[in-house]
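Taking it in order: structure first as structure tokens, then the write-up.
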Amino acid sequence: MIKLDTDFYSRGNVTEVARDLLGKVLCSRVGGHLTKAIIMETEAYAGVDDRASHAYGGRRTRRTEPMYGDGGTVYVYLCYGIHHLFNVVTSTLNDPQAVLVRAGSPVEGIDEMLRRRGKAAVDETLLSGPGSLAQALGIRTDLSGTSLLRDRVWIEDQGIGVAKDAVRVGPRIGVDYAGEDATLPYRFLIS
DNA sequence: CGAATGATATACT
DNA sequence: GTATATCATTCGA
């Protein structure tokens, strides 16, 4: 049970980090509740050259500021007015690369996840979809800009192995507006 | 399949 | 400062 550190996040290769995050355990301690989930699906957002990224072309606003932080910074933002999307900043200062966590598998604090999601029993939709995942773990925009090296949100390596042929790669979801960059194989998921 | 939803970015006054 | 188009989605038919 090892908390991932800066070396993991700051490798400077987003797609590699996105791939390696599969099988890791995303943990949060919010409102006194501990929740943990195995990461099942990720997407890489490759900085200023990626049209799907908020930081495309070096755009820099108050919302995207955390993306320009050091590796291991948390970037949470609101989409469609409702959904909180959880991202992990990879790479180093002023190199805005990030990994979006899209889906997970519940490990701990399941009762609390159910309560936050308004569900009575675990089903496959509990942690599927970036908005749902963030909601179940209690992740909201107030966590944006915090560090994964602290104790509110972090990621552990519990030694869960992911076979190479169990990883599926494909184009990212919901980024049609990004033109050619929408077809890049930046999406990773465990089948 | 289609509507809801509200913070944010951008272009104005 | 104010207005409006936009959006890395979800849920209910």
Side-chain angles (χ1 to χ4, degrees), chain A residues 9 13-22 24 26 28 35 37 39-69 71 73-91 95-106 113-146 148 153 155 167-190:
Chain A
Y9 302 114
N13 184 337
V14 227
T15 53
E16 188 181 301
V17 175
R19 158 67 183 81
D20 284 353
L21 278 174
L22 295 177
K24 297 294 186 289
L26 174 60
S28 74
T35 48
I39 297 172
M40 301 294 286
E41 183 176 351
T42 60
E43 281 180 10
Y45 284 82
V48 297
D49 295 327
D50 184 355
R51 289 187 58 189
S53 169
H54 285 161
Y56 175 64
R59 266 187 16 254
R60 188 164 188 154
T61 65
R62 188 151 96 265
R63 179 181 62 153
T64 61
E65 194 59 31
M67 288 190 80
Y68 292 82
T73 301
V74 175
Y75 174 43
V76 182
Y77 72 93
L78 204 59
C79 183
Y80 297 101
I82 317 175
H83 308 293
H84 299 266
L85 275 59
F86 172 76
N87 300 252
V88 175
V89 177
T90 69
S91 189
D95 189 5
Q97 306 190 6
V99 175
L100 167 69
V101 180
R102 295 189 58 86
S105 177
M113 294 185 194
L114 290 171
R115 197 184 63 72
R116 286 175 181 144
R117 295 273 293 125
K119 287 185 170 297
V122 176
D123 63 17
E124 60 279 350
T125 71
L126 180 65
L127 299 178
S128 83
S132 304
L133 175 82
Q135 185 185 9
L137 292 197
I139 292 168
R140 294 185 297 114
T141 51
D142 58 338
L143 290 176
S144 195
T146 61
L148 288 170
V153 200
I155 298 176
V167 177
R168 302 164 73 95
V169 182
R172 291 170 293 184
I173 302 294
V175 290
D176 302 344
Y177 66 91
E180 289 189 3
D181 288 338
T183 66
L184 293 169
Y186 281 1
R187 177 172 179 240
F188 303 86
L189 65 105
I190 300 175

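Throughout, protein chains are lettered first and strands after them, A, B, ... in sequence-line order, and every chain is numbered starting at 1.
- Among the nucleotides C:dA8, C:dT10, B:dA9, the one closest to the side chain of A:Ser132 is C:dT10.
- Checking A:Thr141 against A:His83, the closest nucleotide of DNA chain B that is more toward the 5' end is the one next to A:His83.
- Among the protein residues, A:Arg51 comes within range of no part of the nucleic acid, since none of its heavy atoms lies under 4.0 Å from any strand.
- Cation-pi geometry between A:Arg102 and A:Phe188 is not satisfied (NZ or CZ under 6.0 Å from the ring centre, within 45° of the ring normal).
- In the model, A:Asn13 has a side-chain atom that pairs as donor or acceptor with a side-chain atom of A:Thr15 under 3.5 Å.
- A:Tyr45 contributes no side-chain N or O that, together with a main-chain N or O of A:Asp50, makes up a donor-acceptor pair within less than 3.5 Å.
- Atom CG in A:Asp123 sits roughly 10 Å away from atom P in C:dC11 (whole-Å rounding).
- For A:Tyr177 and C:dC7, the OH to C1' distance is 8 Å, given to the nearest whole Å.
- Here the side chain of A:Ile173 is nearest to one of C:dA8, B:dT5, C:dT9, namely C:dT9.
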Considering only distance and modelled atom types, tabulate donor-acceptor pairs under 3.5 Å from the side chains of residues 73-86 of chain A, sequence neighbours left out.
| unit_1 | atom_1 | unit_2 | atom_2 | d |
| --- | --- | --- | --- | --- |
| A:Thr73 | OG1 | A:Asp70 | O | 2.7 |
| A:Tyr75 | OH | A:His54 | ND1 | 2.9 |
| A:His84 | ND1 | A:Thr141 | N | 3.4 |

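- Nearest to the side chain of A:Arg63, among B:dT5, C:dA8, B:dT8, sits B:dT8.
- Atom OH in A:Tyr75 sits roughly 10 Å away from atom P in C:dA8 (whole-Å rounding).
- Using a 4.0 Å cut-off between charged side-chain N and carboxylate O, A:Arg117 and A:Asp123 make no salt bridge.
- Atom NZ in A:Lys119 sits about 11 Å away from atom C1' in C:dT10, given to the nearest Å.
- Across C:dA8, C:dC11, B:dT10, the shortest atom-to-atom separation from the side chain of A:Arg59 is found for B:dT10.
- Here B:dT5 presents its P atom at 7 Å from CD1 of A:Ile82, a figure rounded to the nearest Å.
- The separation between A:Leu85 atom CG and B:dT8 atom P is 14 Å, rounded to whole Å.
- By the neighbour-count criterion of 12 heavy atoms within 6.0 Å, atom OH of A:Tyr186 is sparsely surrounded, having that number or fewer from other residues, nucleotides or ligands.
- Between the side chain of A:Tyr77 and the base of B:dA7 there is no donor-acceptor pair of N/O atoms closer than 3.5 Å.
- Taking the ring centre of A:Tyr68 as origin, the terminal cationic atom of A:Arg60 falls inside the region bounded by 6.0 Å and 45° from the ring axis.
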Dot-bracket summary - DNA chain B, pairs being Watson-Crick or G-U whose distances fall under 3.5 Å, with | when paired to another strand: ||||.|||||||.

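- As judged by a 4.0 angstrom heavy-atom cut-off over every strand, A:Leu78 is placed among residues touching the sugar-phosphate backbone only.
- With centres under 5.5 Å and a plane angle under 30°, the ring of A:Tyr45 is stacked against the base of C:dA8.
- C:dT9 atom P lies 16 Å from atom CZ of A:Phe86, rounded to whole Å.
- Between the CZ atom of A:Arg60 and the P atom of B:dA9 there is a distance of 13 Å, given to the nearest Å.
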